[in-house]
Amino acid sequence: GNGETESIFTLVEGLKPRHAMIVTPGFAEYRRALQWGDCTIHEFALREDDGWQLTDAILDTLTSELDCLFLCTPNNPTGLLPDNRLLREIAARCELLGINLILDEAFIDFIAGEQGFIPLLRDNPHIWVLRSLTKFYAIPGLRLGYLVNSNEQAVAQMRRRQMPWSINAFAALAGEIILHDSAYQQATWKWLEQEGARFDRQLKELPGLAVYPGRANYRLLRCDRADFDLQRAMPEQHVLIRSCANYPGLDARYYRVAVRSQEENNRLLAALRKVLSGTTPAD
Ligand SMILES: Cc1ncc(COP(=O)(O)O)c(C=O)c1O
């Protein structure tokens with residue numbers, strides 16, 4: 001697909017769900033795609049008390065009324081990967097209830113050694129895996145992603161729904177090359193392991209900031225300073241960070257920052273240090 005985004009819309013167009021469940025906070029495009037059709041959207045709210053981690057509580061909310069369930073593994077914006085045991089239980093329950101389970105693995109490539117659900121698809125035709133190449137391979141402008149399912153007929157039906165000519169020649173060529181670039185893959189895993197750990201340590205030392213243990217190339221932060229707008233203060237340090245205030249389930253205290261090069265991360269950390277040290281803690 002033209003990025004994973006196109007595949008999300010193709011999938012929804014093909015499945016035509018009447019009742020779909022999404023998880024909040026989560027990636028916005030599932031809701032947008034579902035709103036195009038005649039679908040009632042059910043929400044499963046992750047809880048701050050659970051550290052925003054998906055819990056067994058979701059199992060009881062799955063009923064035969066649902067046609068599909070969207071899960072993002074690891075989730076955006078938390079970066080948290082649900083427990084494998086729980087994912088398998090969800091998959092079994094979805095099969096029993098006739099629910100299509102859609103797993104968005106857009107960021108899973110960042111987790112070294114994590115295979116995701118593609119190896120398990122053969123015996124699970126009710127599971128659809130969405131993948132993006134724009135994140136790990138840093139080609140957001142080229143646009144490339146894919147959708148995997150083990151039922152050939154279902155896949156052919158989806159293909160018929162796909163927008164014609166959605167993949168341009170440059171993206172097609174990049175796709176043939178990047179997936180075999182093991183040197184790049186190894187270097188990316190090494191960078192994220194080392195620089196991600198250093199970044200986490202330094203972020204945690206900052207006063208008034210809670211850091212969630214995300215496993216992708218970004219971190220969710222909560223700023224616990226009363227009456228203090230971090231997003232407004234940061235541009236004065238020439239850094240703009242992503243406010244998560246527009247994620248249903250989160251509020252203006254939450255931010256998402258990317259793990260970047262050591263030099264760039266140091267700039268971000270220095271700016272945060274400067275901004276945060278000039279304010280008073282909430283309590
Ligand atoms: C969780 C998640 N899934 C899918 C996408 C879409 O990726 P793509 O650039 O391949 O369309 C994004 C983009 O931000 C995302 O965050």
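Each ligand, and each atom within it, is numbered from 1 in the order the structure gives.
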How far is [atom] from its nearest protein heavy atom, and which residue and atom is that?
atom                    : answer
atom 16 (O) of ligand 1 : Asn76 ND2, 2.8 Å
atom 6 (C) of ligand 1  : Thr5 OG1, 3.3 Å
atom 14 (O) of ligand 1 : Lys135 NZ, 2.8 Å
atom 9 (O) of ligand 1  : Thr134 OG1, 2.8 Å
atom 3 (N) of ligand 1  : Asp104 OD2, 2.6 Å

Check the hydrophobic clustering (I, L, V, M, F, W, Y; side-chain heavy atoms under 4.5 Å; chains of links allowed) and say if [X] and [Y] are grouped together.
X      : Y      : value
Leu62  : Leu86  : yes
Leu179 : Val129 : yes
Ile90  : Leu66  : yes
Leu80  : Leu59  : yes

Where does Glu6 meet ligand 1, judged by heavy-atom distances below 4.0 Å: at the side chain, the backbone, both, or neither? neither

What do we get for Glu29 next to ligand 1 when only non-hydrogen atoms under 4.0 Å count, side chain, backbone, both or neither? neither

Could you tell me which non-hydrogen atom of Leu81 sits nearest to which non-hydrogen atom of Arg215, and how far apart they are? CD2-NH1, 3.8 Å

Mind listing the closest non-hydrogen atom pair of Leu142 and Asn168 along with its distance? O-ND2, 3.5 Å

Flag the pair [X] and [Y] as a salt bridge only when some basic side-chain nitrogen lies within less than 4.0 angstrom of an acidic carboxylate oxygen.
X      : Y      : value
Lys135 : Asp109 : no
Asp104 : Arg131 : no
Arg267 : Glu264 : no

Atoms of ligand 1 less than 4.0 Å from [X] heavy atoms?
X      : value
Gly3   : 10 (O), 11 (O)
Arg143 : 8 (P), 9 (O), 11 (O)
Ala106 : 2 (C), 3 (N), 4 (C)
Cys72  : 1 (C)

Tell me, please: is Gly145 in heavy-atom contact with ligand 1, that is, under 4.0 Å? no

Could you check whether any heavy atom of Pro140 sits closer than 4.0 Å to an atom of ligand 1, since that is the contact criterion I want to use? no

Is there a polar contact, in the sense of an N or O pair closer than 3.5 Å, between Glu4 and ligand 1? yes

